[in-house]
Amino acid sequence: MENKDKKVLIRVQNLKQYFPIKKGFIQKEKLYVRANDDVTLDIYEGETLGLVGESGCGKSTLGRTLLQLYAQTDGRTMYYGRDVDEIAPDYVLDILKSLVDRKKEYFNLKEKEVNVRKQYDALPDGDEKYSMRTHLLEAEKHARDSFLDIVQLIGGFFVAEDLAPISDILVKEYKAGVEYRKLKEKLNDARVAYEGARSFQKEKGKTKEQIDAATSNALSQIEKQEEIIKIKEKELEEIRMEIYKLMKKYESNPDFAKYEVYRDKGINLARLTEEESRKLRKDLQLIFQDPYSSLNPRMTVGQIISEGLLAHKYFDKNDEKMQNYVMEVMEKCGLAPYFIHRYPHQFSGGQRQRIGIARSLALKPKFVVCDEAVSALDVSIQSQIINLLLDLKEQENLTYLFISHDLSVIKYISDRVGVMYLGNIVELATTEELFAHPTHPYTEALLSAIPTTDVDNKKEAIILEGDIPSPIKPPTGCKFHTRCRYATDICKKVTPDFEEVRPGHFVACHHKINL
C-alpha cells in the first residue's frame with residue numbers, strides 16, 4: 001500500500017446512506033433512495049481527496065454523511081483527529097459494560113460466517129452461487145463489525161478467557177475519564193468568562209487594580225478548580241497503572257500482539273449522540289456550494305465568523321481578543337479587516353465565498369468538506385478561491401474532501417481522486433495515476449469528455465448511452481453495466497469487489513482496462 005506511512009484521519013467502512021420514500025396506498029414494498037451504498041475508503045491527514053461523478057451520484061450526500069449532518073444508515077465512520085477519551089461517548093460505555101456478552105455474540109457471528117462460506121464454496125458457478133455471495137458478504141460484515149467494536153477498545157485483552165474483570169477496570173477508567181473531562185470543560189468555561197469579565201471592566205475605563213479586585217473571586221475559583229483537576233488526573237493515572245499491570249499478565253499469550261494492533265483511539269462518528277457530535281463540529285467543517293444563500297443576511301461579517309467561536313466557548317462575547325482573532329482570520333482569507341461590520345449583500349460572489357471559508361476555518365478544523373465550493377463562481381474567481389484553499393491547507397495542515405463535477409478543478413487541487421457512480425466509489429487512485437491509467441470504464445468515459453487543444457493527441461469522446469439508473473431500484477450486479485460497453489453476463493449478476501490493482505489504486509470492475 002502506497003499510503004501505509006500516512007496517518008488516517010477518516011476511515012469509512014461499508015457506509016450506507018438510504019433515504020426512505022413515503023409509502024403509497026398500493027405500494028407493498030418499503031422503498032429507499034440509495035444515495036450511498038457500501039462506500040469504503042480512507043482519508044489521510046493533510047491530503048485533498050477529490051470526489052467526482054455525474055450529478056445525483058451521491059457525492060454531496062457522502063460529504064454530509066461523513067460530517068454526520070445525516071445520520072448514516074449503516075457502516076463505520078472512524079475519526080482519528082481526537083482520542084475517544086476526550087469525548088467519552090456513551091457507546092463506548094455500552095460496549096465496555098457488556099464485553100462478556102459481546103465476545104459470545106462475535107463467536108456466534110463468526111460461526112455463522114464460516115457456515116455460509118462452506119455453502120458458498122460448495123455451490124457450482126451460477127445464479128444460486130451469485131445469490132449466496134450477497135449473504136456471505138453480509139455475514140462477513142456483521143462478524144467484522146462485532147469484532148472491531150470490541151478489539152478497537154480492548155486490543156490484546158481479547159485473549160482473556162474471562163472478560164468480566166477487564167470490563168470492570170475499563171468501566172472504572174471510563175467513568176474517571178468522564179469526570180476529568182467535565183472538570184476540564186468547566187475550567188475552560190471559567191477561564192473564558194474570566195477573560196470576558198476583565199475585558200468588560202477595561203472597556204468601562206477601570207484601572208488594572210480595580211479590574212484585579214473585581215475579578216479576584218473568579219480567579220480564585222479557577223485556581224481551586226485547577227487543584228481539583230490535578231487530583232483527578234492522579235486518580236486516573238493510578239487506574240491506568242492498574243490496567244497496565246493487568247495487561248502484562250496477558251502479554252505472554254501468543255495471540256496478544258495480533259489483537260493489540262487493532263486497539264486505537266478512533267471515534268466512531270456513526271455511533272455518537274447529537275450532543276456528542278456537536279462537540280466535534282469545530283473539527284469537522286463544511287464549505288457550502290452557494291455563497292449567496294449560505295450566509296445570514298441579517299448578520300455582519302464579524303458576527304458570522306464569531307458565531308461558532310462563541311458557541312464552542314473559544315471566547316466570551318465581551319472578550320476584546322475575539323475581534324482581533326476574527327480580523328486575523330479574515331486577513332488570512334483575503335478579506336480586509338474593515339469589512340468586519342459589513343453585511344453579506346455588500347460583497348461579490350467570490351468575497352462571500354471567502355467569508356464562508358473564514359467562518360469554517362476560524363474554528364481551526366481538521367477536516368473540511370468543500371461541497372462544490374467554486375461551482376457557483378465565475379471562472380476568473382474560481383482560481384483565486386482554489387489557490388486560497390491550497391494556501392490555507394498548507395498553513396493550517398487541513399484535510400479536504402473536495403467535491404466537484406469539474407475534472408480540471410479536481411486534477412489541479414487533489415492529491416487523490418475517487419470516482420463515484422450511483423452511490424458507489426468505483427475507482428480511487430492518486431490524481432496522476434488516475435488520469436494516466438483510468439482502469440474503470442466509467443472513469444475512461446469521464447476523462448474522454450475533457451476538452452483538449454492538443455490536435456495531435458486528440459481522443460475520441462466516449463458517449464455513455466442510456467440514462468442513469470434509478471437509485472431507488474439500482475441494477476443488480478455492477479450498477480454501471482447498463483451503460484458499459486465492456487459489460488458481459490457476469491456484470492449483470494455479481495457486484496465486483498473493490499480491489500487494489502496497483503499500489504494505492506483501487507477499482508471495482510469485472511473487466512478492468514489499461515492494466
Salt bridge check, [Y] against [X]: does any charged N sit closer than 4.0 Å to a carboxylate O?
X: K393; Y: D415; value: yes
X: R263; Y: E260; value: yes
X: R271; Y: D94; value: no
X: R76; Y: D149; value: yes
X: D497; Y: R133; value: yes
X: K118; Y: E111; value: no
X: D371; Y: K59; value: no
X: E140; Y: R117; value: yes
X: E185; Y: K182; value: no
X: D38; Y: K141; value: no
X: E47; Y: K6; value: no

Give a yes or no answer on whether the side chain of [X] reaches the backbone of [Y] with a donor-acceptor pair at less than 3.5 Å.
X: N36; Y: L62; value: yes
X: S146; Y: A143; value: no
X: T430; Y: R416; value: no
X: T273; Y: E276; value: yes
X: D37; Y: K16; value: no
X: K184; Y: E86; value: no
X: T73; Y: Y18; value: yes
X: H510; Y: C478; value: no
X: T439; Y: H437; value: yes
X: K366; Y: G81; value: yes

With rounding to the nearest 0.5 Å, note down the distance linking [atom1] in [X] to [atom2] in [Y].
X: Y80; Y: L9; atom1: OH; atom2: CG; result: 10.5 Å
X: C57; Y: H405; atom1: SG; atom2: NE2; result: 11.0 Å
X: S404; Y: I413; atom1: OG; atom2: CD1; result: 9.0 Å
X: Y106; Y: L99; atom1: OH; atom2: CG; result: 14.5 Å
X: H505; Y: E433; atom1: NE2; atom2: CD; result: 5.0 Å
X: R11; Y: T40; atom1: CZ; atom2: OG1; result: 10.5 Å

task = Begin from the C-alpha positions of V419 and L428 and carry the test side-chain contact (heavy atoms from CB on, under 4.5 Å) through to its verdict.
result = CA-CA 6 Å; V419 180; L428 176 69; over 6 Å; no
Any donor-acceptor pair under 3.5 Å linking the side-chain atoms of [Y] with those of [X]?
X: S293; Y: D290; result: yes
X: H511; Y: T488; result: yes
X: E54; Y: Y442; result: yes
X: D283; Y: Y79; result: yes
X: N387; Y: Y412; result: yes
X: T77; Y: Q72; result: yes
X: E427; Y: T443; result: yes

key: Between F157 and Y259, ring centroids under 6.0 Å   = no
message = For Y262 together with F158, are the ring centres under 6.0 Å from each other?
response =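 Between F158 and Y262, the centre distance exceeds or equals 6.0 Å.
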message = Could you go through L269 and L284, starting from their C-alpha distance and side-chain angles, then the distance that decides it, and tell me whether this counts as side-chain contact (heavy atoms from CB on, under 4.5 Å)?
response = CA-CA 11 Å; L269 298 178; L284 309 168; 4.0 Å; yes
request  = Would you indicate whether K129, at its atom NZ, is surrounded by more than 12 heavy atoms from other residues, nucleotides or ligands within a distance under 6.0 Å?
outcome  = yes
ask   = Is it true that atom CD of E274 has more than 12 heavy atoms of other residues, nucleotides or ligands lying nearer than 6.0 Å?
value =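 12 or below, so no.
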message = Assess the residue pair E105 and R102 against the criterion (salt bridge (Lys or Arg N to Asp or Glu O under 4.0 Å)); give the C-alpha distance rounded to whole Å, side-chain angles, the decisive distance to 0.1 Å, and a yes or no.
response = CA-CA 5 Å; E105 185 189 17; R102 281 177 182 267; 5.0 Å; no
State, yes or no, whether a side-chain contact exists between [X] and [Y] at a heavy-atom distance under 4.5 Å.
X: I357; Y: L392; result: yes
X: P89; Y: V84; result: yes
X: V426; Y: V507; result: no
X: T431; Y: L434; result: no
X: N424; Y: V39; result: no
X: R281; Y: L69; result: yes
X: H481; Y: K493; result: no
X: L272; Y: N268; result: no

inquiry  = Checking R485 now: which residues fulfil side-chain contact (heavy atoms from CB on, under 4.5 Å) with it, not counting sequence neighbours?
reply    =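 Once residues adjacent in sequence are excluded, the partners of R485 under the side-chain contact (heavy atoms from CB on, under 4.5 Å) criterion are E444, I462.
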query = Of all residues at least two apart in sequence or in a different chain, which pass the side-chain hydrogen bond (donor to acceptor under 3.5 Å, both in side chains) check with E499?
reply =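 E499: side-chain hydrogen bond (donor to acceptor under 3.5 Å, both in side chains) contacts with K512.
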task = Please step through ring-ring contact (aromatic ring centres under 6.0 Å, His included) for the pair F367 and Y400, ending with a clear verdict.
result = CA-CA 6 Å; F367 177 63; Y400 292 139; 9.0 Å; no
inquiry  = Tell me whether the rings of F480 and Y421 are parallel (<30°), tilted (30 to 60°) or perpendicular (>60°).
reply    =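 Aromatic pair F480/Y421 classed perpendicular.
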inquiry  = Below 30° counts as parallel, above 60° as perpendicular, anything between as tilted: where do the rings of F506 and F498 land?
reply    =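 Judged by the thresholds at 30° and 60°, the geometry between F506 and F498 is parallel.
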query = What do the steps show when you test L447 against L407 for side-chain contact (heavy atoms from CB on, under 4.5 Å), and what is the final call?
reply = CA-CA 8 Å; L447 297 189; L407 282 161; 4.1 Å; yes
ask   = Going through the distances and angles, do D85 and R181 end up as a salt bridge (Lys or Arg N to Asp or Glu O under 4.0 Å)?
value = CA-CA 8 Å; D85 299 338; R181 178 178 55 75; over 6 Å; no
message = Applying side-chain contact (heavy atoms from CB on, under 4.5 Å) to K473 and L31, what does each step give before you reach the verdict?
response = CA-CA 8 Å; K473 287 194 173 179; L31 297 175; 3.9 Å; yes
ask   = Minimum heavy-atom separation for I166 to A160, with atom names?
value = CD1-CB, 3.5 Å
